[in-house]
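All remarks here apply to the structure that follows.
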Amino acid sequence: MKFRKRVMSAVMIVLMMCALSVSSVLADDKKVDQNDQNKVTILFTHDMHSRMEEYKGESSRMIGGISRIKTVIDQKKSENPATFVFDAGDFSMGTLYQTIYETEAAELTLFGRIGVDATTLGNHEFDYRSEGLSNMLHSAVRNAEEDETIVLPKLLSANIDWNKNQTEDNKLVQTAFEDYGSTEYTVIERDGVRIGVFGVMGEDSAACAPLSGIEFDGIVDASKRTVEKLKNENVDMIVCLSHSGTSQDPEKSEDEILAEEVPEIDVIISGHSHTTLSDPIICGDTVIASSGCYGKALGELQLIPSEDGRWTLSDYELNEIDESVEKNEQVEQYLSDYRVKINDEYLEQYGYTMDQVIAENDISFTQIEDIDKEIHEDSLGNLISDSYIYAVKKAEGDNYEPVDVAIVPVGVVRDTFQKGEITVSDVFNVSALGIGADRLTGYPLVSVYLTGKELKTIAEVDASISPLMPTAQLFSSGMMWEYNPNRLILNRVTDTGLVQDYTGNEDEVSYDQTEKIEDSKLYRVVSGLYSAQMLGAVNDKSKGILSITPKNKEGDAIEDFEQYIIHDQDGSEVKEWYALAGYIDSFSENKEGISVIPARYSALEGRKVLNDSKNLIDLLKNPNKIAQIAYAIVIVFVIVLVLLIRFIWKKVNLKKKRG
């Protein structure tokens, strides 16, 4: 009897333990299910730069394309109804789709068609200038009014105080913002989750938008104000669309600083720096995410609620947009319609079409993501700068005045050439930025004059400033310089010279035989409009240590660079991209009648020569005035130090004698 009771008791205990175990599993399942129900998906892009179509990447693989992005967005939304889609600015300026900005606003309109909930402005949206940006926003609104299927993304900007920006141009933009419905922030509710979203533009981004004419508030103070407002909106999550960027230098990593200073932000979608974060940056409870530029990937964040009322990152993925993703047929039709308009409204006046093949290329040019990683001569930079001189010769004809030097900053080079066919679109993408005085997209070439001393300063900017600011690196045609990175900063250039036999065609040019640059002589220099303006900004950027003042032929300082735009014989502006297209189009043809990029551009020519010597003589020889002043200061310091030591020594000895 006792044995039977013991057995029954044991069975009961086992059954109770099993019941508790099952209950625990069910509870865990319920918890998982609850988290799945509350899971939020955030899809994001930034720095799209008008890359609406797929494009050829390295190894000729086709990547990107907004129709493929649409396919992934639809798939993710079907998996989770609490899916939000955001963009962090610079959605325009980079391909021929930008050329119809005033009539079609293709980028914003397509964002509306694929389901982007909100975006913010980047610095390149201001490249259209006030009137152009205003017209683009109004065009987008008009498109949405005419087609009810277009739901434009919310346009968010929290760090513009319009009371501080009341010029006529500023008022034009402000009115466009108001007509579009732009606000500091918005609240989007989906599947019971309320997300508060706001947008900001960082300090470096604002500095890269000289044509905006707008004074932007600091992103930290603006974000603090906006976050306080969002707290009153009873939101579940706060997301910042920041066109500010991250950097390996902690003092320049604006979005990391923002996360530290405003910890209430749950997610920062970080644009501007074109960063690809394979893993997000976690700063306290804030997730900083970047998916890279040009729509190569669609970023994805999965977040679940935490017990402390914040959110926990459960998954992070960069969905590659490539040939493995199907295209959305409806979006492809929209793109096809746009291509017709681009050809008719823009390219026809240049005698080209988008898909026209103008060259064959068998050269491995530097990939665009690598072009500014180190200071070096680059074949693509050589090709572009050579094209400027060729274009001026062609435009001026019999009235051509010799160009001594052409300058191309790496920051205006936006793409590279892959092996195989080069189309008109490919050429445009390389030099896609800006608009001219004619209000047509593409920066025009301008002609200025610099002294020989200033030409040497340009070389010094490349050698000394570029390591600190990679976008300042310069490529040139007609000029060479030798530099030693081990020398004193601002005194690294050891030799310069001009090439006198430059012909502007595919013939090989020797940079070994150069002419000495005379300090006081004026030399004709050609560059893009923006680049020429930035040359004039060197004085301010260097606090007057370096001096470059672009001048006219008479030697007078230039105040309005648009007065020195180069026009062809029909009176049209010579655009940077068109100069490159014309130069490539002029090369010798293959048997199919297509130009071929010359083998000359497969090798470097000695335009920028590195002398990595640590020999004391090499480090100190031929000092410029900056170095002479620095050396003088050091010598004075050493003399004072020696005298001070000698004085102290005497005092000590005197004290000993007296002791």
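Every value quoted in this text rests on a predicted model; they were computed, and no experiment measured them.
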Okay, side chain of [X], backbone of [Y]: is any donor-acceptor separation there less than 3.5 Å?
X	Y	value
Glu125	Leu121	no
Asn143	Ile150	no
Asp372	Thr471	no
Glu254	Asp204	yes
Ser244	Met201	no
Thr95	Ser50	yes
Ser379	Phe365	no

Could you label the plane-to-plane angle of the Phe475 and His376 rings as parallel, tilted or perpendicular, counting under 30° as parallel and over 60° as perpendicular? tilted

Could you label the plane-to-plane angle of the His49 and Tyr294 rings as parallel, tilted or perpendicular, counting under 30° as parallel and over 60° as perpendicular? perpendicular

Any chance CD of Glu233 has more than 12 other-residue heavy atoms, nucleotides or ligands included, within less than 6.0 Å? yes

With a 6.0 Å cut-off (strictly less than), is the heavy-atom count around CD of Glu421, excluding the residue itself, greater than 12? no

Ion pair check, [X] and [Y], cut-off under 4.0 Å:
X	Y	result
Glu326	Arg68	no
Lys327	Glu54	yes
Arg129	Asp169	no
Asp285	Arg310	yes
Lys70	Asp74	yes

Any cation-pi pair here, Arg51 with Tyr55, using under 6.0 Å and within 45°? yes

Let's go through His272 and Asp47 carefully: what are the C-alpha distance in whole Å and the side-chain angles of both, what is the deciding distance for side-chain hydrogen bond (donor to acceptor under 3.5 Å, both in side chains) to 0.1 Å, and is it a yes or a no? CA-CA 6 Å; His272 181 57; Asp47 301 292; 5.4 Å; no

With sequence neighbours excluded, residues passing side chain to side chain donor-acceptor pair (under 3.5 Å) with Ser67: Glu332

Residues His138, Asn135; criterion side-chain hydrogen bond (donor to acceptor under 3.5 Å, both in side chains); working and verdict: CA-CA 5 Å; His138 283 117; Asn135 290 343; 5.1 Å; no

For Glu79 and Gln75: C-alpha separation, side-chain torsions, deciding distance, then whether side-chain hydrogen bond (donor to acceptor under 3.5 Å, both in side chains) applies. CA-CA 7 Å; Glu79 295 170 358; Gln75 175 194 335; 3.2 Å; yes

Straight-line distance of Ile269 CD1 to Thr120 OG1, nearest 0.5 Å: 12.5 Å

Determine the minimum heavy-atom distance between Phe198 and Glu184, stating which atoms define it. CB-O, 3.3 Å

